[in-house]
Amino acid sequence: HLRSGSGKDLKMYNEICNGIADVLHGAYPDAAIYTEDIRQGLEVPAFLITSVSLSREKIVGMIRYDCTYAIQYFPDEKLNERSELREMQDRLDVILRRIPVKFDENETELVFRQQEPGEATVLDGVLTYTLRLIGYFIDPEEYEKMEQLESANFTITEELSGSKKN
């Protein structure tokens, strides 16, 4: 699980939030998107993205991230709230299935995938959509070891091939 204060983990949290925000902005360019508490001046329609949990686990050369986010949707009050919220829940199930995330300084794109349709609740005219994402990535430390093994294997194979030709 995550160590508190880990720089890589905080960066991953921020990048996942950015990935979710990018997907929402692509689908709803006129909606305001917030990633921090809204104190005042809420512009509707709007989304608020909040991290609920984030864990990391090493699994045989891989790192598995398991993340849960709450996405709140504040509808435009002029529209039919009930039908708009039902439609939004269905739409979020579709657009949030795949979240691209920029991971490093080379802007390597990783993809988080939604495991099951999100759960949704409505309270006081606000839709809260809970999204669980999981991503598996090669552990950078293990990747270096694998490259070294491949290089060593190539050298051994080359030497064996060369000795058979003589």
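What you see is a predicted model, and the numbers here were worked out from it, not measured in a lab.
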**Student:** For G19 and I99, which heavy atoms make the closest approach, and how far apart are they?
**Tutor:**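 Of all heavy-atom pairs spanning G19 and I99, the closest is C-CG2, 3.6 Å.
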
**Student:** Does one hydrophobic cluster hold both I134 and I59, with members joined at side-chain heavy-atom distances below 4.5 Å?
**Tutor:**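 Result: yes, single cluster for both.
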
**Student:** I need the minimum non-hydrogen distance between A46 and Y34, along with the two atoms involved.
**Tutor:**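 A46 and Y34 have their closest heavy atoms at CB-CE1, 3.7 Å.
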
**Student:** Among I16, V52, T130, which one satisfies side chain to side chain contact (heavy atoms under 4.5 Å, CB included) with Y69?
**Tutor:**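 Of the listed options, the one satisfying the test is I16.
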
**Student:** Under 30°, 30 to 60°, or over 60°: which ring-plane class applies to F47 and Y73, parallel, tilted or perpendicular?
**Tutor:**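 F47 and Y73: tilted rings.
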
**Student:** Please report the closest heavy-atom contact between D93 and G118, naming both atoms and the distance.
**Tutor:**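 Nearest heavy atoms, D93 then G118: OD1-N, 3.3 Å.
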
**Student:** Side chains of C67 and F112, heavy atoms from C-beta outward: is any pair under 4.5 Å?
**Tutor:**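 Sidechains of F112 and C67: in contact.
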
**Student:** Taking atom CG of L127 and atom CD of Q72, what is their separation to the nearest 0.5 Å?
**Tutor:**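 So the CG of L127 and the CD of Q72 are separated by 9.0 Å.
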
**Student:** Would a distance-only check, ignoring hydrogens and angles, find a side-chain to backbone donor-acceptor pair under 3.5 Å from N18 to V101?
**Tutor:**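 It does not hold such a pair.
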
**Student:** Rounded to the nearest 0.5 Å, what separation is found between the CZ atom of R56 and the CZ atom of R64?
**Tutor:**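 With rounding to 0.5 Å, CZ (R56) is 13.5 Å from CZ (R64).
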
**Student:** So which heavy atom on Y129 is nearest to which on Q89, and how close?
**Tutor:**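 Minimum heavy-atom contact is CE1-O, 4.0 Å.
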
**Student:** As an exercise, state the distance from CZ of R91 to CG of L24, rounded to the nearest 0.5 Å.
**Tutor:**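 Between R91 CZ and L24 CG, I get 10.0 Å after rounding to 0.5 Å.
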
**Student:** For a quick test of reading the model, state the closest non-hydrogen atom pair linking V44 to P75 and the distance between them.
**Tutor:**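 What the structure gives for the nearest pair is CB-O, 3.6 Å.
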
**Student:** Taking all non-hydrogen atoms of both residues, which atom of T35 and which atom of C17 are closest, and how far apart?
**Tutor:**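 Distance-wise, the nearest heavy atoms are CG2-CB, 4.5 Å.
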
**Student:** Check L96, D66, I20, T68 against L133 for a side chain to side chain contact (heavy atoms under 4.5 Å, CB included) and give me the one that passes.
**Tutor:**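 The single option meeting the side chain to side chain contact (heavy atoms under 4.5 Å, CB included) with L133 is I20.
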
